[in-house]
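Structure record follows, encoded as structure tokens.
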Amino acid sequence: MFFIMPCLAVEEGSAVVTEVTTEATTEATTKKAEETTKKAEKTTKKEKTTKKAVKEETEKVVEKNEEIEEVREDISQPRLMVTSYVVENDYLTPEKEGKITVTLQNMHPSKAVKNIKLSIGDEADEIRPDGMGTKYVSSIGAGKIYSWEIGVSVIHSATVGEHKLSFTCEYEDEFGSGYSANDTLRVQVRQPAKLDYDGAKLPVKVVQEDTVTLNINLMNTGKSTLYNCKVEYDIEGLESGGSSFAGEIPVGESKTATANLRVDSEKTGNVKGTIKITYEDAFGKTFEKEQEVKTLIEKKVIKAEKKEEEEKKNPLWWLFLLGGLVVGGGLGFGIPFAINSKKQREEDEKRL
């Protein structure tokens, strides 16, 4: 019994040791697993942190690029431009004041222009704007449009044709940097076509089948050449045979339009009609003037009718004829007798 107990003790201790060893191994394994899990979690966390950091870094780069783009856009020059202009009635004339409307646009998408001065002028100084020909505008927003209506006048002796008006814009951006832009406006100037005339008048009386000659003097009293000048006739009882063409008349000169009007052989009495003068300016615009005329057409008297008319006016014409014959006969007899008597006296005096 003494020797058995230790053996039992030893066996029981072995079992305990075995159990303790197993538990220790399990705990070690669990701990290692936990450490592995923690390590894996740390690795995963680190990976997530790295991805987040990369994402944040990428976003920062994008934002920085956008900021750079914004900075680049801010240093660009704002552009103020003339986009269109309109001349009232399409042209200017010395006869009346005109208007020119100029439209400008700020072409920059984000920057306004400020402290703007607009100026207009004619190189030839023949088109003159109202006042000083300048305009101040405080600002024009990004992409906005502004229109300036300018009153102008044309001097009396202005050259006909195209005039070049200079248009200038001076302005600043939001930082006070100054800029300027120049444009040319092409404007047409026309002088009024002016024509005077004389000689467009008929005689008080005309006779059937006679020819009446009219010489109409056409005078260019304007500042531009006149073209296709002609005279047309529409008079009752008078036939013109067509219009009288004078053609081109330069400034300050005159031309004569001649017409031979044939009086009708059937018409008599008071008649009237019109003489129309037409002409064109340098731009093909047609003008016309009309003159009303009148006359009296008398019947043509032939010789036989004239003789009868005179006889009717003097019903005792035969007495005058007889008296003429008697007087004529007496004179015819008396004159030779007186001559012979004188010769006879002269011969008698010589014999004595």
Side-chain angles (χ1 to χ4, degrees), residues 79-107 113-141 143-171 179-197 218-229 248-254 276-290:
R79 188 78 62 182
L80 188 61
M81 296 180 62
V82 173
T83 56
S84 66
Y85 63 95
V86 177
V87 180
E88 185 181 30
N89 298 322
D90 297 328
Y91 63 88
L92 302 175
T93 175
E95 289 187 314
K96 62 178 181 179
E97 292 189 353
K99 291 180 181 178
I100 302 174
T101 303
V102 182
T103 301
L104 305 103
Q105 183 174 2
N106 179 0
M107 308 304 292
V113 293
K114 303 177 181 180
N115 198 26
I116 307 160
K117 178 185 177 183
L118 307 177
S119 307
I120 190 171
D122 180 17
E123 295 176 1
D125 195 32
E126 294 182 343
I127 301 175
R128 297 175 179 175
D130 294 347
M132 299 298 295
T134 58
K135 174 77 172 180
Y136 177 79
V137 183
S138 60
S139 66
I140 301 176
K144 299 298 182 180
I145 293 174
Y146 177 82
S147 293
W148 181 23
E149 187 178 273
I150 312 151
V152 295
S153 58
V154 180
I155 66 172
H156 181 68
S157 58
T159 305
V160 175
E162 185 180 271
H163 285 244
K164 296 179 181 179
L165 303 184
S166 60
F167 191 88
T168 304
C169 306
E170 299 174 63
Y171 56 97
Y179 306 95
S180 66
N182 298 299
D183 290 280
T184 299
L185 313 183
R186 302 179 185 275
V187 178
Q188 290 289 338
V189 170
R190 298 186 184 184
Q191 286 282 0
K194 292 184 179 180
L195 180 141
D196 286 339
Y197 62 93
L218 306 175
M219 299 166 284
N220 183 352
T221 57
K223 297 292 182 180
S224 61
T225 301
L226 302 179
Y227 299 90
N228 296 325
C229 303
E248 181 180 318
I249 307 177
V251 177
E253 297 186 15
S254 62
K276 183 169 70 174
I277 302 169
T278 60
Y279 53 98
E280 297 176 2
D281 64 11
F283 301 92
K285 185 177 180 180
T286 301
F287 303 85
E288 64 177 46
K289 292 187 175 185
E290 280 191 357

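A distance of 6.5 Å separates CG of L195 from OG1 of T221, quoted to the nearest 0.5 Å. From N106, atom CG reaches atom CD1 of I140 across 7.0 Å, with rounding to the nearest 0.5 Å. For the atom pair Y85 OH and T101 OG1, the distance stands at 12.5 Å (nearest 0.5 Å). Atom-to-atom distance recorded for S119:OG and K135:NZ is 12.5 Å, nearest 0.5 angstrom.
No donor-acceptor pair closer than 3.5 Å links the side chain of E123 to the backbone N or O of S166. For Y146 (side chain) and S139 (main-chain N/O), no donor-acceptor pair under 3.5 Å exists by modelled atom type. Under a 3.5 Å cut-off, the side chain of D183 and the backbone N or O of F167 do not form any donor-acceptor pair.
Between V152 and D122, the closest side-chain pair of non-hydrogen atoms is not below 4.5 Å. Contact check for E290 versus K276: side-chain heavy atoms found under the 4.5 Å cut-off. Between E248 and T225, some side-chain heavy-atom pair lies under the 4.5 Å cut-off. The closest side-chain heavy-atom distance from Y171 to V137 is not below 4.5 Å. Taking the side chain as every heavy atom from C-beta outward, I116 and L104 never approach each other to under 4.5 Å. Taking the side chain as every heavy atom from C-beta outward, E126 and T159 approach each other to under 4.5 Å. You'll find the side chain of R186 reaches within 4.5 Å of the side chain of K164, heavy atoms only. Here the side chains of K194 and F287 are not in contact, with every heavy-atom distance at 4.5 Å or above.
Residues S254 and M219 come closest through the heavy atom pair CB-CG, 3.6 Å. F283 and Q188 make their closest contact through CE2-OE1, 3.8 Å (heavy atoms, listed as atom of the first residue, atom of the second, distance). Closest of all the heavy-atom pairs between P250 and N220 is O-ND2, 3.1 Å. Annotation for R128 and D125: closest pair NE-O, 3.4 Å, computed over non-hydrogen atoms. Minimum heavy-atom separation, Q191 to S157: NE2-C, 3.8 Å. Between T103 and S147 the shortest heavy-atom distance is OG1-OG, 3.2 Å.
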After noting the C-alpha distance and the side-chain angles of I249 and Y227, does the key distance pass the side chain to side chain contact (heavy atoms under 4.5 Å, CB included) rule? CA-CA 6 Å; I249 307 177; Y227 299 90; over 6 Å; no
In sequence, state the C-alpha distance, the side-chain angles, and the governing distance for T83 and I145, and then conclude on side chain to side chain contact (heavy atoms under 4.5 Å, CB included). CA-CA 9 Å; T83 56; I145 293 174; 5.6 Å; no
Evaluate I120 against L185 for side chain to side chain contact (heavy atoms under 4.5 Å, CB included), listing each step before the verdict. CA-CA 9 Å; I120 190 171; L185 313 183; 4.0 Å; yes
Working note: L80 + Y179, criterion side chain to side chain contact (heavy atoms under 4.5 Å, CB included); need CA distance, chi angles, decisive distance, verdict. CA-CA 9 Å; L80 188 61; Y179 306 95; over 6 Å; no
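Atom NZ of K289 has more than 12 heavy atoms from other residues, nucleotides or ligands within 6.0 Å.
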Kindly list each side-chain donor-acceptor pair under 3.5 angstrom involving residues 89-99, sequence neighbours excluded, with atom names and distances?
{"residue": "T93", "atom": "OG1", "partner": "E95", "partner atom": "N", "Å": "3.4"}
{"residue": "T93", "atom": "OG1", "partner": "R190", "partner atom": "O", "Å": "3.3"}

